[in-house]
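Single-structure report; data block below.
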Amino acid sequence: MYKVNEIFYSLQGEGYWTGRPAVFVRFSGCNLRCPWCDTDFKAYREMRAEDICAAAEKAVRDAKVDPNAPNLLLVLTGGEPSLQVDDALLNVLHQAGYYIAIETNGTCPLPDGIDWVCCSPKEGSRLSLQQADEVKVVYTGQSPEPWREAVYARHYYLQPLDSGPQTNATNSASRNNAKETIRYIQAHPWWRLSLQTHKLTGIR
């Protein structure tokens, strides 16, 4: 059984696959406690692999996705999905035709068979991953270069702490952080900018 926070269909808002339609499977629970995490770990239901796949397919049907569409992207996220994802779940999802991506903090080993790995390392953590498809670092003013050296990837992204709409005084710091992030990328052009476009567009 897997502890699942929510399953829904939307667009990928961050990183390499920004703008691509995707099914999101958000797992509950994490081995880190990032202050900006937006997952309610107390709200979850226990599901079998087949239940997760059925819920994903229902989300796709409800969105009236064209049946002739190519394999859909399915994003395993959290929380920290690597604490729960295993071969049994991957096999069921692959059999259903999904292209499987994972968003992980990189502290736990991953099972084989994941099609796309996004490693989002956190300061003070010890990585188990040495290779990924993309590295995405939330920039808070720290030097991200140790992560670039620690994990080999095809793509490296820096993301402001909160790149959503600025609506109050609390978010003014995020606006400044976005400018700082851009300045850092301009000075270190091996990084690219990742924005949380789901927040900018007001989608889930």
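One-based numbering along the sequence shown.
Looking only at side-chain heavy atoms (C-beta outward), V135 and R148 stay at 4.5 Å or farther from each other. By the 4.5 Å heavy-atom criterion applied to side chains, E134 and R192 are not counted as neighbours. Between S125 and N105 there is no side-chain heavy-atom pair separated by less than 4.5 Å. Considering only heavy atoms from C-beta on, Q84 stays 4.5 Å or farther from V4 through its side chain. Considering only heavy atoms from C-beta on, V85 comes within 4.5 Å of F27 through its side chain. Taking the side chain as every heavy atom from C-beta outward, D115 and H94 approach each other to under 4.5 Å. With a 4.5 Å cut-off on side-chain heavy atoms, T18 and L195 do not count as touching. Looking only at side-chain heavy atoms (C-beta outward), Y184 and S143 come within less than 4.5 Å of each other.
At a cut-off of 3.5 Å, with distance as the only test, no side-chain donor of D51 or Y2 sits close to an acceptor on the other residue. A donor atom on one side chain and an acceptor atom on the other are found under 3.5 Å apart for E145 and W190.
Between G19 and L11 the shortest heavy-atom distance is O-CD2, 3.7 Å. For the residue pair G15 and S194, the shortest heavy atom distance occurs at N-OG, 3.0 Å. Between L127 and A150, the shortest heavy-atom contact is CD1-CB, 4.2 Å. Taking each heavy atom of I102 and P81 in turn, the nearest pair found is CG1-CG, 3.6 Å. Minimum heavy-atom separation, L72 to R20: C-NH2, 4.4 Å. Shortest non-hydrogen contact noted between G106 and C119 is CA-SG, 3.9 Å.
Scored by the salt bridge (Lys or Arg N to Asp or Glu O under 4.0 Å) test, R61 finds no partners at all (sequence neighbours excluded). For W116, the ring pair (Phe, Tyr, Trp, His ring centres under 6.0 Å) partners are Y16, W17, not counting sequence neighbours.
A donor-acceptor contact shorter than 3.5 Å is absent between the side chain of T107 and the backbone of R126. Side-chain N or O atoms of R48 include none that pairs as donor or acceptor with a backbone N or O of M1 at under 3.5 Å. Remark: side-chain polar atoms of D133 are not paired, donor with acceptor, to backbone N or O of H155 under 3.5 angstrom. Remark: side-chain polar atoms of N177 are not paired, donor with acceptor, to backbone N or O of P160 under 3.5 angstrom. For E80 (side chain) and S82 (main-chain N/O), a donor-acceptor pair under 3.5 Å exists by modelled atom type.
In the hydrophobic clustering of this structure, L73 does not group with V117; members are Ile, Leu, Val, Met, Phe, Trp, Tyr whose side-chain heavy atoms approach within less than 4.5 Å, directly or through other members. Placement of V75 and V60 in two distinct hydrophobic clusters is found when ILVMFWY residues are connected by side-chain heavy-atom separations under 4.5 Å, directly or transitively. Following chains of ILVMFWY side-chain contacts shorter than 4.5 Å, one cannot reach Y139 starting from Y157, and the two form parts of different hydrophobic clusters. When hydrophobic clusters are built by joining Ile, Leu, Val, Met, Phe, Trp and Tyr residues whose side-chain heavy atoms come closer than 4.5 Å, directly or via intermediates, L110 is not grouped with Y152. Taken together through direct or relayed side-chain contacts under 4.5 Å among Ile, Leu, Val, Met, Phe, Trp and Tyr, F24 and I7 form parts of separate hydrophobic clusters.
Summarising the local packing, CZ of R45 is surrounded by 12 or fewer heavy atoms from other residues, nucleotides or ligands at distances under 6.0 Å. At most 12 non-hydrogen atoms from other residues, nucleotides or ligands lie less than 6.0 angstrom from CG of D112. For CD of Q130, the number of neighbouring non-hydrogen atoms (other residues, nucleotides, ligands) closer than 6.0 Å is 12 at most.
For the atom pair CG (L161) and CD (Q196), the distance works out to 8.5 Å, reported to the nearest 0.5 Å. Taking OG1 of T181 as the reference point, atom CH2 of W191 lies at 11.5 Å (rounded to 0.5 Å). Atoms CG and CD1, on D87 and I114 in that order, are 9.0 Å from each other to the nearest 0.5 Å. Atom CG of residue L158 and atom NZ of residue K136 lie 12.0 Å apart, to the nearest 0.5 angstrom. If you take CD1 on I185 and CD on E180, they are separated by 12.0 Å, rounding to the nearest 0.5 Å. Interatomic distance, N71 CG to Y98 OH, rounded to the nearest 0.5 Å: 10.0 Å.
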Exercise. Do I52 and V92 pass the side chain to side chain contact (heavy atoms under 4.5 Å, CB included) test, and can you show the C-alpha distance, the side-chain angles, and the key distance before you say yes or no?
Worked result: CA-CA 9 Å; I52 292 173; V92 168; over 6 Å; no
For this session: Dump the intermediate steps for side chain to side chain contact (heavy atoms under 4.5 Å, CB included) on L93 and L76, then the final yes or no.
Result: CA-CA 11 Å; L93 295 175; L76 305 171; 4.2 Å; yes
